[in-house]
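Counting from 1, the numbers follow the sequence of the chain as shown. Just follow the structure's listing: the first ligand is 1, and inside any ligand the first atom is 1.
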Amino acid sequence: MSTAPASPQRKVTLHTLQAKKERGEPITMLTAYDFPTARALDRAGVDAILVGDSLGMVVLGYDTTLPVTMEDMLHHARAVARGARVAHLVGDMPFLSYQTSVGEAMRNAGRFLQEGGMNAVKLEGGREVVPAVRAIVAAGIPVVGHIGLTPQKVNQLGGFRTQGKSAAAARTLLEDAHALEDAGCHMLVLEAIPDRLAGLITRRLSIPTIGIGAGAACGGQVLVTHDLLGLTDGFAPKFVKRYANFHDEMARAFAAYIEDVSARRFPEAAHAHELDEDVFRALAHEWDGALAH
Ligand code: KIV
């Protein structure tokens, strides 16, 4: 495996991201859960990497993000932190790691920086999470907010549905967005809301919004990397753009390997380790009592 040094670019900070927003340049964010993906994202020059709790669905095979634990998140956060030197690293706080008390929220947010190598945390919710956001920010930990479709509330929302379609729901989202900005969030993810609503919210905030299924007017975009790469063969939401079909490519490569091994076409001489002729002859004589082939 190649271990070429990562590019000597400067680390992306909160200030880099805010400056991009002020220059009107879109911020790029993608998810990663492992070392090689983090290295590839850093090499490609993505601004921010989210170690999302989507981990539960695209890597661990759960139907929702709800079973994901702090230990799962930290395990994957550490792998990503070892792979990415430049991108701003955001650890996603899993279900029940911040909802039970402000103290628990602070402690778990701190673990993402102390044990996970992250630069910031993300948590889902509107005004109900403001006390936790304030406390985490006061401890010196940058926080990304997340409103709209918040997958940890899938049972309450009745499924993975578009949010903010009525005027009342849209007003609630705008109030939540203002509350999160006032509480100190440095970015705000808007998930699965109408494009024009995302545009209206984006224009009213001074922090960048990062859209996923929220249209082009957001300050930046995030996608789940496994969706973008076509690594999963199941359903992909309408807002996903597939840039590759790695699931088919993997299945093709695995089938080719199985065929090669079955037909003894692999391994070939080029893959073999040499054994000195004298050593081979001595062993063959000792073990077989004759020269082996
Ligand atoms: O967990 C995740 O990957 C996310 C993104 C979809 C924003 O929260």
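Crowding of Asp276 atom CG: a count of heavy atoms from other residues, nucleotides or ligands under 6.0 Å exceeding 12. The neighbour count for Arg196 CZ, taken as heavy atoms of other residues, nucleotides or ligands under 6.0 Å away, does not exceed 12.
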Could you walk me through whether Tyr98 and Met106 pass the side-chain contact (heavy atoms from CB on, under 4.5 Å) test, one step at a time? CA-CA 8 Å; Tyr98 56 96; Met106 277 177 70; over 6 Å; no
Quick one, Leu74 with Arg78, criterion side-chain contact (heavy atoms from CB on, under 4.5 Å). Give me CA distance, side-chain angles, the key distance, then yes/no. CA-CA 6 Å; Leu74 289 172; Arg78 283 192 288 270; 3.8 Å; yes
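Heavy atoms of His146 approach ligand 1 to within less than 4.0 angstrom. Close to ligand 1: Lys122, with a non-hydrogen atom less than 4.0 angstrom away.
If you check the side chains of Glu181 and Ser206, you find a donor sitting under 3.5 Å from an acceptor.
At least one N or O atom of Asp53 sits closer than 3.5 Å to an N or O atom of ligand 1. Considering backbone and side-chain atoms alike, Asp92 places an N or O below 3.5 Å from some N or O of ligand 1. Distances between N or O atoms of Ser54 and those of ligand 1 include at least one value under 3.5 Å.
When each atom of ligand 1 is checked for a heavy atom of Ile212 under 4.0 Å away, the hits are 6 (C). Taking a cut-off of under 4.0 Å to the non-hydrogen atoms of Thr31, the atoms of ligand 1 that pass are 3 (O). The contact set between ligand 1 and Gly52, taken as ligand atoms under 4.0 Å from a residue heavy atom, comprises 1 (O), 2 (C), 3 (O).
Counting only heavy atoms from C-beta outward, the side chains of Lys11 and Val86 never approach each other to under 4.5 Å.
Looking only at protein heavy atoms, the nearest one to atom 5 (C) of ligand 1 is Leu50 CD2, 3.7 Å.
In this structure, Lys21 and Leu205 approach most closely via the heavy-atom pair NZ-O, 3.2 Å.
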